[in-house]
Structure formats: C-alpha cells, structure tokens
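Please read the structure below before turning to the comments.
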Amino acid sequence: MAVMVYNTLSRQYEEFVPVEEGKVSIYVCGITPYDHSHIGHARPAVFWDVVRRYLTHKGYKVKLVANFTDIDDKLINRSKQTGIPIPEIAEKYIQEYLECMDKLGVQRADVYPRASEVIPEIIDAVQTLIDKDFAYESSGDVYFRAGKFAGYGKLSGKKTEELMPGARVEVSELKESPLDWALWKASSPGEPGWPSPWGKGRPGWHIECSVMVHKHLGPQIDMHGGGTELVFPHHENEVAQAEAVSGVEPYVKYWVHSELLNLEGEKMSKSLGNVVYLHEVVKNHDPMAVRLYLLNAHRRKVLDFSEELLRSAEKGWERIQTGYRNALEFLSNPTAQGLRDASKLAEATRQSRKAFFESMDNDFATPGALAAVFDLVTAINAHVVPREKDTSDSDARQRVAEAFGLLVECLGILGLVPETGRPTASQESDISGSLVDILVEIRNTARQRKDYATADYIRNKMADLGIVLEDTPSGTKVRM
RNA sequence: GGCGACAUGGCCAAGUGGUAAGGCAGGGGUCUGCAAAACCCUUAUCCCCGGUUCGAAUCCGGGUGUCGCCUCCA
C-alpha cells in the first residue's frame with residue numbers, strides 16, 4: 001500500500017513516490033549544540049527514527065542525514081562568556097545529545113555533518129550564488145537577494161509584500177532589502193572565522209543545510225524534516241539557496257514538519273527559558289516511556305509536556321511490556337495451557353496488523369499504530385494468561401506465536417524495546433539471582449503453611465528493593 | 001496587522017462522508033490467602049452558527065478560542 005504524506009509545500013496529503021525508486025533520502029535539521037538539549041528536540045528525532053524504520057521495513061533503502069550547527073552566534077557568545085573554545089562546547093553537547101538519543105532508542109543517522117566541516121563547500125556555493133547574481137557582497141558580508149528568486153515564499157506561503165511591514169528586525173544598511181539574508185558574515189575582531197574571497201568570516205545559518213544536503217544527498221531529496229518554527233525563514237531560504245545554486249527543482253519533494261512541544265501551552269524554547277532538559281527526562285523516566293509519550297501524538301499536533309502525561313505513558317508502556325512478557329513466557333513453556341478459543345486471537349492479530357500498517361501508511365500516524373499495538377496486547381493477554389476454566393486449544397501455540405511475532409514487528413518499527421524482565425546471569429551476579437530464588441522459595445513455603453505474615457513481609461521488603469513478586473496459578477513471578 | 005495550524009469524554013489522543021479507536025484516571029465484576037498482573041462490563045455525538053449531502057467529527061462559509069511563524073529556535 002502507498003504511504004501518504006502531508007506535505008508542507010502543498011499543504012495536502014500526497015502519495016509518497018521517491019525520486020529514485022526503492023531509495024529514500026532524508027535530511028532533518030538538527031540542533032545547535034551550545035547548551036543542553038530539551039525534550040522538544042527529541043520529538044523530530046524520534047519521529048524520523050520511526051519513519052526510517054518503517055520505510056526500511058517496507059523495503060526502501062533509506063539514507064538519513066542530520067546536521068549539527070556547530071558555528072553560530074549562540075556558540076560564539078557562549079564561548080565568550082565561559083572562555084571555553086567553541087569546538088569544545090559543541091563537542092560536549094553533541095555527545096550529550098547522542099547519548100540521549102541512544103537511550104531513546106534512536107538509531108544513529110547515516111551522517112551527522114557539522115557546519116564547520118563544510119566550509120569549503122559553503123564558500124563554493126556562496127561564490128556560485130554571487131556568480132549567478134543571486135547574491136552580493138557588502139562590506140565583507142554576503143547576502144542572498146531574496147527578490148531575485150522567483151519562487152520565494154512558496155514553502156511558507158508568505159508573500160514578499162506582506163512580509164515587509166512585519167519585518168521588525170533592525171534593517172541593516174548593508175542589505176539591499178530587508179528580506180535578504182546573510183550567506184556569509186564577516187568576523188568581528190576576536191571572533192572565529194575562516195578565510196574566504198570576502199575576507200575572514202563564517203557562514204550564515206541557512207546556507208549550511210543547503211550545502212550539506214547537496215553534499216550528502218544530492219541536489220534533490222525526498223524528505224526534509226524539522227520543527228514547524230523552521231518553515232520560515234530557515235527552510236524557505238534553504239529552498240531559495242539550493243534551487244538557485246543547482247537549478248534543480250524541487251529541492252525537496254516532501255517537506256515533513258513536526259509540531260512543537262509546549263510547556264504549559266507555550267513553546268518550549270531556550271530563549272523563553274521554559275525548558276525541560278532532555279538528559280534529565282531520560283534519567284528520571286524510562287526512556288522507552290518517553291518515546292511512547294512522544295509517539296502518542298501525531299507529528300502535526302502540538303504536544304504538551306507534563307509529568308502527568310509521562311506517568312500515563314509509563315503505565316501504558318508497562319502494559320505493553322507485560323503483554324510481551326506474557327506471550328514470551330507462554331511460548332517458552334511447553335506445558336503452558338489454559339487458553340481460550342485460539343481462532344479469536346488469530347482474528348485479533350489480523351485486525352491489529354491491518355490497523356497498524358494502515359495508520360503508518362497514513363502520514364506515519366503513530367498514535368493509531370500504538371492503538372493497534374494495545375489491542376494486540378489485550379488479545380494476547382486474554383489468550384495467554386492462564387485461567388482455570390479455560391480449555392486448551394491445539395492451535396494455540398501457533399496462534400500465540402503469530403500474535404507475538406506481530407507484536408515484535410510493530411514494536412521494532414516503533415523502536416520500542418521491552419525489558420525482557422528478570423536480568424540474565426550475565427547482567428546480574430549468579431549469587432544475587434540465587435538469593436532471590438531462595439527467598440521466593442522460603443516465602444512459598446510460608447504461604448503453604450498459611451503463614452501469610454511472613455510471606456507478606458518478604459514480598460514487601462523485596463518490593464522496597466525493586467523486586468516485584470507476583471503469585472500466579474503457574475507459580476511466583478519475579479520482576480526487577 | 002499578515003500567513004499558517006489546531007479545537008473530540010476527567011486528562012492525553014485516533015478519526016481525510018456512513019453513523020465516535022486506543023492509553024491514563026474513575027466505577028462495577030472475575031481470579032487471588034491478600035496483593036499484583038490479567039480479563040470482562042461501564043463513562044462523549046465531536047467549540048458555536050449556517051450550508052452542501054440520503055448521510056458530516058469529517059466538505060464549504062461565517063464566528064469564537066488556543067498555539068506557531070513574520071527575530072535565534074526541533
């Protein structure tokens with residue numbers, strides 16, 4: 001089935017047809033590593049990780065590129081304030097970001113280009129723009145001549161006449177028009193910079209993305225992502241630069257933007273000071289629950305951050321994992337019985353599969369896909385958890401295996417990795433594992449002679465240590 | 001002021017014309033020594049007003065509200 005994508009450029013759903021059959025090129029605007037990343041930065045990262053997994057699952061060869069803007073005003077200022085060299089600051093926050101991504105189960109991009117690594121290419125592109133009369137030099141700066149690019153405004157839907165009155169930026173006399181933007185900025189004394197035909201300077205913000213896309217993915221790519229706040233001016237300018245340089249149109253076939261993450265109804269942003277740091281969130285919460293929380297809202301809907309929502313996601317994630325474990329335990333126990341009519345499970349599996357893939361095909365609607373996963377979990381639990389009065393079914397093992405297979409497939413696409421429960425011997429020392437077994441044994445002996453005081457004492461004390469005991473008809477389960 | 005997105009139960013959130021998914025929370029039940037987990041049952045007519053249609057949460061028009069962009073920002 002075809003994948004439908006909502007394209008910012010056309011403001012419509014379009015059938016996804018890659019530029020080159022079987023291949024998908026994706027570029028996502030990454031972070032400026034001048035400070036800790038916040039939870040909002042994780043939204044597009046997780047979203048694109050899922051898109052990538054999904055398209056790969058569908059058989060596409062996907063190449064994903066995400067940049068780091070490691071030279072800009074904020075970094076320069078931070079360096080001035082702290083006395084720490086820019087590369088050191090950038091490196092620190094890039095590493096922290098990547099560590100958070102690892103925890104969230106975000107697979108590494110194929111390339112993480114940095115602005116500072118493509119200076120020669122940027123200079124080339126700027127020179128090309130000057131040669132083509134799309135740009136001009138002015139006192140060591142180089143500006144893009146917005147009015148010269150016929151399609152300017154097509155992505156954001158802005159009309160140049162309408163922008164004029166709203167332009168509240170102090171208009172630089174160096175620019176021919178307030179709409180023009182810097183491709184290259186001359187360095188002030190003491191500021192870092194690179195030699196160029198226009199003197200020592202550094203790239204403007206928008207140009208790096210155009211150049212990186214071209215370098216790593218070519219003049220035309222399938223999908224470009226980022227937060228909605230980047231549509232204008234960043235992406236608009238990117239289109240102008242890229243198409244003016246290469247002459248290839250469209251630069252990006254599908255513009256796929258992520259809505260913002262708000263805190264108490266306001267955009268989370270460092271400049272507003274209302275940020276929740278990502279490294280703290282993934283430290284204080286199960287990163288997989290954080291991932292679930294992010295995926296439970298469609299990318300084009302504003303998502304609010306709150307501890308309550310995170311707790312809700314944690315509960316939901318527990319539920320999925322319980323179903324996963326139940327199926328796993330059933331399948332690994334050859335004598336497990338107590339099933340209901342297994343044909344119902346087969347039907348539920350079929351429906352979940354349909355719902356999951358239909359949702360994903362519909363603009364990567366992860367909330368709907370998650371609903372299918374929850375339905376599947378309910379169906380699995382209903383058939384796998386032993387009950388006295390139920391009868392076994394000879395097809396059961398097969399059916400449960402199918403359902404479990406689908407669950408694994410779906411979770412794989414969503415990048416949700418369940419804990420398999422009790423740590424294995426390699427993770428936990430044999431001794432402590434044995435000690436737990438002994439305690440469980442003692443407790444069960446106590447239960448048998450109805451010494452519930454002792455049994456409950458052991459259970460409570462172990463719970464305090466994070467070891468959960470659950471008595472089931474098939475024995476006591478241990479979870480850590 | 002201009003441009004754009006969104007508005008569904010207590011909270012979160014699906015739904016791109018055919019009669020309201022799912023999660024969390026709540027209530028009732030089953031199971032259990034108790035608990036946990038699990039299962040079953042249970043809580044909405046979709047911001048307002050018009051219109052199109054046999055039929056609209058879904059399309060069109062007009063309101064109202066929230067958020068974003070027009071300045072660095074995922």
Side-chain angles (χ1 to χ4, degrees), chain A residues 4 6 8 11-13 28-32 34 37-45 47-48 66 69 72-74 153 156-159 161-170 205 225-234 236 257-262 265-272 292-293 296-298 300-304 306 308-309 311-320 322-323 325-326 340 355 359 362-363 365-375 377-378 380-389 447 450 452 455-456 459-460 463 468-473 477 479:
Chain A
M4 300 299 285
Y6 184 88
T8 308
R11 301 193 190 282
Q12 281 182 325
Y13 290 90
V28 184
C29 280
I31 57 160
T32 300
Y34 74 101
S37 291
H38 58 68
I39 177 75
H41 293 124
R43 173 116 103 142
F47 170 74
W48 285 102
T69 303
D72 90 318
D73 289 347
K74 292 188 293 282
S156 58
K158 310 251 187 224
K159 298 193 178 89
E161 318 84 68
E162 288 162 351
L163 284 169
M164 296 293 243
R168 279 170 285 169
V169 246
E170 354 47 278
W205 176 38
T228 52
E229 89 274 35
L230 299 179
V231 174
F232 189 90
H234 185 236
E236 189 70 62
H257 289 99
S258 301
E259 254 308 340
L260 299 178
L261 199 147
N262 286 178
E266 246 188 348
K267 175 172 97 165
M268 187 176 293
S269 141
K270 287 170 192 167
S271 43
L272 292 174
L292 184 71
Y293 150 76
N296 199 220
H298 185 96
R300 293 203 300 116
K301 287 282 190 71
V302 175
L303 173 62
D304 229 62
S306 76
E308 187 194 351
L309 288 174
R311 274 196 299 277
S312 169
E314 274 173 339
K315 289 294 188 68
W317 179 229
E318 266 309 309
R319 182 170 159 67
I320 290 173
T322 302
R325 275 191 232 105
N326 286 341
R340 298 180 172 186
S359 265
N362 179 202
D363 202 27
T366 51
L370 278 170
V373 169
F374 278 109
D375 280 338
V377 165
T378 300
I380 287 175
N381 280 331
H383 291 79
V384 157
V385 176
R387 276 178 193 72
E388 277 178 45
K389 287 170 189 166
R447 287 177 67 215
K450 299 199 190 309
Y452 296 121
D456 291 347
R459 184 171 61 193
N460 290 338
V468 180
L469 299 188
E470 294 174 0
D471 300 321
T472 75
K477 285 198 216 170
R479 269 199 299 135

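We name chains A, B, ... by the order of the sequence lines, and we start the count at 1 in each one.
At the heavy-atom level, A/E470 lies under 4.0 Å from base atoms of the strands shown. When heavy atoms are screened at a 4.0 angstrom cut-off, A/L292 is found touching no nucleic acid atom at all. At a threshold of 4.0 angstrom between heavy atoms, the contacts of A/F374 are confined to the sugar-phosphate backbone, with no base atom among them. Across all strands, A/K315 comes closer than 4.0 Å only to sugar-phosphate atoms, never to a base (heavy-atom distances). Among the atoms of the strands shown, none is found under 4.0 Å from any heavy atom of A/D73.
Across all strands shown, B/C24 pairs with B/G10; the Watson-Crick or G-U wobble distances both stay below 3.5 Å.
Look at CD on A/E259: it is 13 Å from P on B/C67, rounded to the nearest Å. A straight line from CG of A/D363 to C1' of B/G15 spans 13 Å, rounded to a whole angstrom.
Shortest non-hydrogen contact noted between A/I31 and A/S37 is CD1-OG, 3.6 Å. Residues A/N326 and A/V384 approach most closely at O-CG1, 3.2 Å, considering heavy atoms.
Counting atom types as modelled, A/R459 pairs a side-chain N or O with a base atom of B/C34 as donor and acceptor under 3.5 Å.
Each of A/R311 and A/K267 has a nearest nucleotide on RNA chain B; the 5'-most of these lies closest to A/R311.
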